[in-house]
Amino acid sequence: MTQQRILIIDDDSDIVTTVKANLELDGFMVLSATDGASGLAAVQANAPDLVLLDLGLPDIDGIKVCQTLRRDSEVPVIMLSARDTVADKLLGLECGADDYLVKPFNALELSARIRTVLRRIRRSETATAQRNGNIILDYRSHEATIQGRQVRLTRTEFSLLELFVAHPGETLTRDFIQSQNWGDSKLYSHSRAVDVHVQRLRKKIEENPQAPRIILTVAGVGYRFEPNP
């Protein structure tokens with residue numbers, strides 16, 4: 001099996017050294033960059049399987065780095081930051097991060113978050129395509145075809161849509177969605193993080209995200225997927 005590569009973009013040498021040592025013990029190949037510009041270049045040159053991205057970089061804000069990555073890359077991103085307010089966490093997710101971990105963090109928790117994200121990716125790559133009503137999921141390209149229109153999704157968005165497609169017409173609670181896609185992340189138990197991901201997905205697959213017809217909100221409970229809107 002090819003060794004999975006993780007890129008750390010962080011200017012704190014102590015954190016990089018500690019994280020690198022722990023992840024190498026877990027069997028990962030670890031690369032590092034100390035600022036946003038070199039981090040973006042490293043993603044292009046090395047195609048990592050996952051990026052650990054510091055929010056407070058010396059040259060480019062981590063939010064902008066993540067937004068830049070999301071324009072042309074599906075690489076999963078776990079954001080690292082000392083900022084621990086709900087608003088900061090939601091901002092990180094809204095820019096395209098898959099998860100958000102507050103510094104200082106426990107090495108075992110970081111490892112669990114990484115495994116969750118990578119496991120979600122492996123799960124989506126075990127099949128080639130799935131169809132439900134007017135929606136087709138292509139597991140190789142991570143594209144969805146909605147009523148004949150192709151939509152490019154991030155891995156997190158794709159996994160979320162995959163979960164909805166597997167439960168047509170069912171009301172899925174936020175807790176169920178969290179447990180299926182982000183089981184190891186405490187963030188999703190204490191904030192609107194699931195809602196943020198649903199909103200991002202709606203912007204891509206709904207004709208009018210403000211009046212959704214595919215992913216419907218069930219007030220006080222969660223969401224229901226309608227494959228034939």
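Numbers here simply count residues along the sequence, with the first being 1. Remember, it's a predicted structure, so these values are computed and weren't measured experimentally.
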Could you grab the distance from atom [atom1] of [X] to atom [atom2] of [Y], nearest 0.5 Å is fine?
X: Lys89; Y: Asp99; atom1: NZ; atom2: CG; result: 10.0 Å
X: Ile9; Y: Leu80; atom1: CD1; atom2: CG; result: 10.0 Å
X: His197; Y: Thr154; atom1: NE2; atom2: OG1; result: 8.0 Å
X: Gln180; Y: Ser159; atom1: CD; atom2: OG; result: 11.5 Å
X: Leu7; Y: Leu53; atom1: CG; atom2: CG; result: 9.0 Å
X: Ile146; Y: Lys204; atom1: CD1; atom2: NZ; result: 11.5 Å

Only counting residues at least two apart or in another chain, list the ones meeting side chain to side chain contact (heavy atoms under 4.5 Å, CB included) with [X].
X: Asp72; value: Gln44
X: Gln199; value: Arg192, Asp195
X: Glu170; value: His167, Leu172

Heavy-atom side-chain contact between [X] and [Y] under 4.5 Å:
X: Leu160; Y: Ile177; answer: yes
X: Ile6; Y: Val51; answer: no
X: Val194; Y: Phe176; answer: no
X: Tyr223; Y: Arg174; answer: yes
X: Val165; Y: Leu137; answer: yes
X: Val151; Y: Leu153; answer: yes

Side chain [X], main chain [Y], donor-acceptor under 3.5 Å:
X: Ser73; Y: Val75; answer: yes
X: Thr145; Y: Gly148; answer: no
X: Arg202; Y: Ile214; answer: no
X: Asn208; Y: Gln210; answer: yes

Sequence neighbours excluded and cut-off under 3.5 Å, please list the side-chain donor-acceptor pairs for residues 22-29, or say none.
| residue | atom | partner | partner atom | Å |
| --- | --- | --- | --- | --- |
| Asn22 | ND2 | Thr18 | O | 3.0 |
| Glu24 | OE2 | Lys20 | NZ | 2.6 |
| Asp26 | OD2 | Ser111 | OG | 3.1 |

Work out which heavy atom in [X] is nearest to a heavy atom in [Y]; give both atom names and the distance.
X: Glu74; Y: Arg152; result: OE2-NH2, 2.5 Å
X: Gly92; Y: Tyr100; result: CA-CD1, 4.3 Å
X: Met79; Y: Cys95; result: CE-SG, 3.9 Å
X: Pro76; Y: Val117; result: CB-CG1, 3.4 Å
X: Ala97; Y: Arg200; result: O-NH1, 3.6 Å
X: Leu93; Y: Ala193; result: CD1-CB, 3.3 Å

[X]: side-chain hydrogen bond (donor to acceptor under 3.5 Å, both in side chains) partners, not counting sequence neighbours:
X: Ser38; answer: Asp35
X: Gln150; answer: Glu143
X: Arg5; answer: none
X: Arg70; answer: Asp98

Between Asp54, Thr17, Val30, which is the residue that forms a side chain to side chain contact (heavy atoms under 4.5 Å, CB included) with Ile8?
-> Val30
Among Leu52, Asp10, Val16, find the one that has a side chain to side chain contact (heavy atoms under 4.5 Å, CB included) with Ser32.
-> Val16
Salt bridge (charged side-chain N to carboxylate O under 4.0 Å, His left out) assessment of Glu207 paired with Arg213 | CA-CA 8 Å; Glu207 289 187 13; Arg213 299 178 60 193; 5.4 Å; no
Answer with yes or no whether the hydrophobic clustering places Leu216 together with Leu161; edges join I, L, V, M, F, W, Y residues whose side-chain heavy atoms lie under 4.5 Å apart.
-> no
Salt bridge (charged side-chain N to carboxylate O under 4.0 Å, His left out) partners for Arg224, two or more places apart = Glu226
Contacts of type salt bridge (charged side-chain N to carboxylate O under 4.0 Å, His left out), residue Lys203, not counting sequence neighbours | none
Members other than Val221 in its cluster, when Ile, Leu, Val, Met, Phe, Trp, Tyr link by side-chain heavy atoms under 4.5 Å?
-> Val218
Which donor-acceptor pairs under 3.5 Å do side chains of residues 55-68 form with protein atoms, sequence neighbours excluded?
| residue | atom | partner | partner atom | Å |
| --- | --- | --- | --- | --- |
| Asp59 | OD1 | Gly36 | N | 2.8 |
| Asp59 | OD2 | Gly36 | N | 3.4 |
| Asp59 | OD2 | Ala37 | N | 3.1 |
| Asp61 | OD2 | Ile63 | N | 2.8 |
| Thr68 | OG1 | Lys64 | O | 2.9 |
| Thr68 | OG1 | Arg71 | NH2 | 3.4 |

Residue pair Val19, Phe105: steps toward the side-chain contact (heavy atoms from CB on, under 4.5 Å) verdict | CA-CA 10 Å; Val19 171; Phe105 48 79; 4.0 Å; yes
